[in-house]
Amino acid sequence: MMRLSHLRFAIWASCLSHVTASSCKAPIPSIEVDVAIIGGGSSGIHAAIQLKDAGASVLVIEKKSQIGGHAETYTNPDTGIPANVGVVVFEDTKIVQTYFDRLGVATTKINPSASATQSKSYDFSLGFPIPAQSAAEAGAAQQAIANAIGAYSQNVLSKYSWIDQGYLIPEPIPEELTLPFAQFAQKYNFSALLPVMSQFNWYPGNISTIPAIYGIKNFGPGLLSSFTGEFIIPASGDTRSLYRAAATELGDSVLLNSTILHVDRQHKSYVSLIVQQPNQPPKHIKARKLIVAAPQTLKNIGSFDLSTQEHKLFSKFFSIGYVAGVANIPGLNGSLLNVGALTPYNTPVIPGSNGYQSSGSPNQFLLGVAFDNSDYTQADAEAVIRRELQTLAAVGAVPADSSQKVTFPYISDHAPFNLRVSSNEIGAGFYNELLSLEGSRNTYWTGAAFAGHNSGLIWNWNEGTVLPALKKDLGL
Ligand SMILES: Cc1cc2nc3c(=O)[nH]c(=O)nc-3n(C[C@H](O)[C@H](O)[C@H](O)COP(=O)(O)OP(=O)(O)OC[C@H]3O[C@@H](n4cnc5c(N)ncnc54)[C@H](O)[C@@H]3O)c2cc1C
């Protein structure tokens, strides 16, 4: 097979009807590659490395100033301690370990539950202290969780073992996968696990009402095995070390700060993109295949040349919200956990955070504010924290002036989080239709909407489904 090299050539911008008139006066630089990848987050960068290793030329087009998507780290300038604001741990699977090894990033293993420092529990919305359990109560609760894990593992995960590999839902679609998750949990006798599922893999949406398939996806075999065993983390403690290594590896095959001006997938054997970077002329990219690894919302990709079917499917996604950050709360020592005193399964009231977890630096805490929709601002998230601190101050859980004195040295909105569809859509075969898009119009699709919000699952999806088909298509 003749492989396209990373060949640069020039075409006259006047040939490209969608570029502004001023840029049509000069030739625009062009890049020809085997695979263009839109989105330089967890899925896009993993795909780029695998394809590069398979001998393909790749180009990653990322809208932000760094790759890594939700992997964000804040390093405290006084202590030098890194705090992973987004991605923290990775499932302990062969695919994850091989990827870290490939990028030369040293790893270690941890069990976050076992190594977590003791937290005091409060209902952050009501200001109720949640009394510590007696040894007997704690033992009984642990036993109930262990029994629930056993029931879940034996009766659910064994039945849906494909759950860690995208949404390869068998036909006919099992109706129970569309049940509200609490109802499904009652049926399979693992309700005692719901608070843990919600707290640990925060924020899964309302754990009682989300369709069962999303509840299982949130806590599949890989995650459960690491939860009861160990997770992989970079030995440096800094998640970004993975993406620094990937950036070095990919070099100028990544275009940062990019805006996609035009996507044309009408041609039989290639796709054509026009990409703008600041203070540079637009670039024309001609690629044999395209991977869309940006969250597939109409906001992100609605300006592409979507087919009627693509538009119909992507317009069905809705998302929840997640603002993650670091807060300095002067005078607070020790982590706090948010436990809903009156909510089903004691999940925190939303919008709300799941707790303030010590970042390792004095008076500094990691937090994640969850919303049940995407209709909020970062200021709304900060207001939620101030309100929680005010409530907590009234019961002496935090210093009295915390809501005034809190600062946010780093805070970032991770929306759109958890792109999902309704139970009706799941039952009507949404995912099978979604998967039928793979490969069509020289385009492959990956990322959390296709695999689940978990790097391990995304890399499973890439290596198990997307990349084998794409490589075959390329003759690799
Ligand atoms: C706060 C938080 C904590 C998490 N913690 C963990 C964890 O501990 N372990 C774990 O395994 N998973 C964790 N996850 C989940 C994991 O981070 C995500 O599942 C994963 O990052 C999703 O990968 P992705 O490639 O789909 O999207 P992303 O990683 O978000 O990457 C998408 C990329 O596309 C870019 N983009 C968007 N639109 C465009 C466009 N039009 N043009 C060009 N580029 C575009 C974005 O800027 C982004 O870089 C966490 C998620 C969040 C939000």
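Atoms within a ligand are numbered from 1 in the order they appear, just like the ligands themselves. The model shown is predicted, which means the values in this text are computed figures rather than measured ones.
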Starting from the N and O atoms of ligand 1, find every protein N or O within less than 3.5 Å and list the pair with its distance.
{"from": "ligand 1", "atom 1": "8 (O)", "to": "Val88", "atom 2": "N", "distance (Å)": "2.8"}
{"from": "ligand 1", "atom 1": "8 (O)", "to": "Val89", "atom 2": "N", "distance (Å)": "3.1"}
{"from": "ligand 1", "atom 1": "8 (O)", "to": "Val89", "atom 2": "O", "distance (Å)": "3.3"}
{"from": "ligand 1", "atom 1": "9 (N)", "to": "Val89", "atom 2": "O", "distance (Å)": "2.6"}
{"from": "ligand 1", "atom 1": "11 (O)", "to": "Ser455", "atom 2": "N", "distance (Å)": "2.8"}
{"from": "ligand 1", "atom 1": "19 (O)", "to": "His453", "atom 2": "ND1", "distance (Å)": "2.8"}
{"from": "ligand 1", "atom 1": "19 (O)", "to": "Asn454", "atom 2": "N", "distance (Å)": "3.1"}
{"from": "ligand 1", "atom 1": "25 (O)", "to": "Ser42", "atom 2": "N", "distance (Å)": "3.4"}
{"from": "ligand 1", "atom 1": "25 (O)", "to": "Ser43", "atom 2": "N", "distance (Å)": "2.9"}
{"from": "ligand 1", "atom 1": "25 (O)", "to": "Ser43", "atom 2": "OG", "distance (Å)": "2.6"}
{"from": "ligand 1", "atom 1": "26 (O)", "to": "Ala448", "atom 2": "N", "distance (Å)": "2.8"}
{"from": "ligand 1", "atom 1": "29 (O)", "to": "Ser42", "atom 2": "N", "distance (Å)": "3.1"}
{"from": "ligand 1", "atom 1": "30 (O)", "to": "His70", "atom 2": "NE2", "distance (Å)": "3.3"}
{"from": "ligand 1", "atom 1": "38 (N)", "to": "Asn300", "atom 2": "OD1", "distance (Å)": "3.4"}
{"from": "ligand 1", "atom 1": "41 (N)", "to": "Asn300", "atom 2": "O", "distance (Å)": "3.3"}
{"from": "ligand 1", "atom 1": "44 (N)", "to": "Lys63", "atom 2": "N", "distance (Å)": "3.2"}
{"from": "ligand 1", "atom 1": "47 (O)", "to": "Glu62", "atom 2": "OE2", "distance (Å)": "2.6"}
{"from": "ligand 1", "atom 1": "49 (O)", "to": "Glu62", "atom 2": "OE1", "distance (Å)": "2.7"}
{"from": "ligand 1", "atom 1": "49 (O)", "to": "Glu62", "atom 2": "OE2", "distance (Å)": "3.2"}

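Side-chain contact between Tyr99 and Ile232 is absent, with no heavy-atom pair separated by less than 4.5 Å.
Cation-pi geometry between Lys217 and Tyr167 is met: under 6.0 angstrom from the ring centre, within 45 degrees of the axis.
Contact check on Lys316 versus Glu433 returns no salt bridge, with no Lys/Arg side-chain nitrogen under 4.0 Å from an Asp/Glu carboxylate oxygen.
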Item to check | Derivation and outcome, side-chain hydrogen bond (donor to acceptor under 3.5 Å, both in side chains), residues Asn462 and Gln50 | outcome: CA-CA 9 Å; Asn462 275 352; Gln50 309 305 315; over 6 Å; no
Checklist entry - Does the pair Lys94 and Glu463 meet the rule for a salt bridge (charged side-chain N to carboxylate O under 4.0 Å, His left out), with working shown? => result CA-CA 12 Å; Lys94 194 160 173 260; Glu463 291 195 27; over 6 Å; no
Checklist entry - Do Ser241 and Ser236 pass the side-chain hydrogen bond (donor to acceptor under 3.5 Å, both in side chains) test, and can you show the C-alpha distance, the side-chain angles, and the key distance before you say yes or no? => result CA-CA 7 Å; Ser241 54; Ser236 64; 3.3 Å; yes
